[in-house]
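Worksheet: one structure, shown below.
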2 protein chains.
Amino acid sequence: MDPVICTVDVALLTLTAEGLEVALLKREHAPFKGVAALPGGYIHARTDVDARDAARRVLLDKTGIAAPYLEQLATFSGAARDPRGWSISIAYYALVPATTIAQTERDEVRLHSVDRLPPLPFDHGDIIGTAVSRLRSKSQYSSLPCHLLGDVFTLPQLQRVYEVLMGESINKVSFRRKMTEMDMLDPVDGQFESGAHRPAQLYRLKPAFREQLQLLERGL
Amino acid sequence: MDPVICTVDVALLTLTAEGLEVALLKREHAPFKGVAALPGGYIHARTDVDARDAARRVLLDKTGIAAPYLEQLATFSGAARDPRGWSISIAYYALVPATTIAQTERDEVRLHSVDRLPPLPFDHGDIIGTAVSRLRSKSQYSSLPCHLLGDVFTLPQLQRVYEVLMGESINKVSFRRKMTEMDMLDPVDGQFESGAHRPAQLYRLKPAFREQLQLLERGL
DNA sequence: CGAATAGTGTCTGTAAGACAGTATCTG
DNA sequence: CAGATACTGTCTTACAGACACTATTCG
């Protein structure tokens, strides 16, 4: 049984005015000390229940963020990806509203547009690329994009999130039909967005879909 | 850096008259010696390029099968899944035509219906369950089921495969429209299936889709 | 009241499914 | 030529998108 380096990495994604962004931190130790990279670390077999638990711990320790949505992405492995030796990274991706990152105490956490990434160590570029395509793909037929917004949000806000992720505009009537069909939103009465126009109804994700996604038969 | 047991497991799936089946072998070593389990084994960091390479090696060594379609499924991990200690299994799933399994020399390889599985060691039941739902889900919108058939096949055969996987009958006209839209099949001229009826046109997967799937916009 | 955005009713075109007809083989 | 299955043409139905209209706020 040859020794293998076992790590987890987390692609923490959020949506800002700049578009889709990923959180990077400067590495504290060699190799690649000082280079911006995904938050990650060794699996602690003594204390972590499983890899998901390790990912949650690493994300909280390095960014101060307890992400409500955390899903396994894929496992990256091999002899070539880490100069220290044959290694495994069980990669996860997490979604948070942009406000969550703005509010964290750790100002080491820096957001980078996924379309303009700096040179990244290991295969972190591949991990981010895989995370972004997974997010875009799942957005076509699930409630996943809701997790990029805060606790309450309006349908026009949600539609803009879907549109940015899918890279195309969506018919308003169809979008609202689909949201009704998905039956995943609870209206929040008496609350509205303000501005020089008609305010929009606020909604909240139904509790059943906070961790479990709602899927659509036919997409969009 | 705590020690972690690093393994790969492969859910080798095929379609027979009994429905969807998975290949199991009796374990040669403790723990669970003699119990039917997925083909799997330690990662050999000295010789395996990466985990996919390990999965291919393990599958070939244990079953004699070089599966043309092999895809990473998910990674199962934790302190509780293996009595030897904190472990990782990078799970893959492979699809082969039933004839490939019938032709292998190894008669230790036994097919089991995925609906009537014996008690399984570790979390192999979860791995098979995840593999089956991944296969069923991807069958709704991709060319994946083609890999359960041999090199050449007819459209009625392919439709039956889709129907068994999705558990519902498909409209013949719609099915053929979708296959035309996917544009992934080459007709094999001059060859036909025989029987007491009109023979069907034979097709072959276009080379571009032997490893890469073709996806549909709207499913089915 | 005008500008701006939210929300809805309705029409139309496209795509999926039903059905029935034709085609081609065996015995 | 009867039976069986492959294939195809066409009608109907369901759903997605376009469009326009109403609703509600601010200044």
Side-chain angles (χ1 to χ4, degrees), chain A residues 17 139-143 145-146 149-150 152-204 214-220, chain B residues 17 139-143 145-146 149-150 152-204 214-220:
Chain A
S139 295
Q140 291 173 355
Y141 60 91
S142 81
S143 57
C146 295
L149 288 171
V152 295
F153 48 83
T154 69
L155 284 180
Q157 284 176 335
L158 185 59
Q159 180 169 352
R160 279 188 287 270
V161 171
Y162 272 92
E163 286 173 342
V164 170
L165 292 175
M166 297 175 37
E168 57 187 25
S169 58
I170 303 171
N171 180 279
K172 182 168 54 166
V173 180
S174 301
F175 179 76
R176 283 159 182 263
R177 273 195 292 243
K178 287 292 182 184
M179 291 304 118
T180 305
E181 180 192 328
M182 285 174 99
D183 190 34
M184 62 180 186
L185 300 179
D186 274 330
V188 180
D189 286 323
Q191 306 238 38
F192 297 92
E193 278 263 300
S194 68
H197 49 75
R198 174 174 175 177
Q201 175 69 53
L202 283 174
Y203 293 90
R204 183 196 308 278
Q214 174 68 297
L215 304 178
L216 275 170
E217 277 298 309
R218 295 210 169 283
L220 232 156
Chain B
S139 296
Q140 291 173 354
Y141 60 91
S142 82
S143 57
C146 294
L149 288 171
V152 295
F153 48 83
T154 68
L155 285 181
Q157 283 175 336
L158 185 58
Q159 181 169 351
R160 279 187 287 271
V161 171
Y162 273 91
E163 287 174 340
V164 170
L165 291 175
M166 297 174 40
E168 58 187 24
S169 59
I170 304 171
N171 180 281
K172 183 168 53 169
V173 179
S174 301
F175 179 76
R176 282 158 183 265
R177 272 194 292 241
K178 285 294 181 182
M179 292 304 117
T180 305
E181 180 192 326
M182 286 174 96
D183 190 34
M184 62 179 185
L185 299 179
D186 274 331
V188 180
D189 285 324
Q191 305 238 40
F192 297 92
E193 278 264 298
S194 69
H197 49 75
R198 174 174 174 177
Q201 174 71 52
L202 282 175
Y203 293 90
R204 183 194 311 275
Q214 173 69 297
L215 303 180
L216 274 170
E217 277 297 309
R218 295 209 171 284
L220 231 152

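The chains referred to below are lettered A, B, ... by the order of the sequence lines, with proteins before strands, and numbering in each begins at 1. Everything numeric in this text was worked out from a predicted model, so none of it was measured.
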Study note, to complete from the structure: With sequence neighbours left out, the residues meeting side-chain contact (heavy atoms from CB on, under 4.5 Å) with A:Pro156 are A:Thr154, A:Arg160, A:Arg176, A:Ala200
Study note, to complete from the structure: With B for base contact, S for sugar-phosphate-only contact and - for none (protein heavy atoms under 4.0 Å), nucleotides 6-16 of chain C reads BBBB------B
Practice item. Applying side-chain contact (heavy atoms from CB on, under 4.5 Å), name anything that partners B:Leu220, two or more places apart in sequence or on another chain. Key: A:Arg218, B:Met166, B:Ile170
Review point. Of all residues at least two apart in sequence or in a different chain, which pass the salt bridge (Lys or Arg N to Asp or Glu O under 4.0 Å) check with B:Asp183?
Key: B:Lys206
Review point. Quick one: side-chain hydrogen bond (donor to acceptor under 3.5 Å, both in side chains) partners of A:Ser169, sequence neighbours excluded?
Key: none
Point to revise | Those residues that, when tested against A:Asp186, pass side-chain hydrogen bond (donor to acceptor under 3.5 Å, both in side chains) (two or more places apart) | key: none
Practice item. Could you note down all residue pairs passing ring-ring contact (aromatic ring centres under 6.0 Å, His included) where residues 157-188 of chain B supplies at least one of them, sequence neighbours left out? Key: B:Tyr162-B:Phe175
Review point. Can you give the first and last nucleotides of DNA chain D, 5' to 3', that have an atom under 4.0 Å from a heavy atom of chain B?
Key: D:dG3 to D:dG17
Review point. Excluding sequence neighbours, so at least two apart, what forms salt bridge (Lys or Arg N to Asp or Glu O under 4.0 Å) with A:Glu163?
Key: none
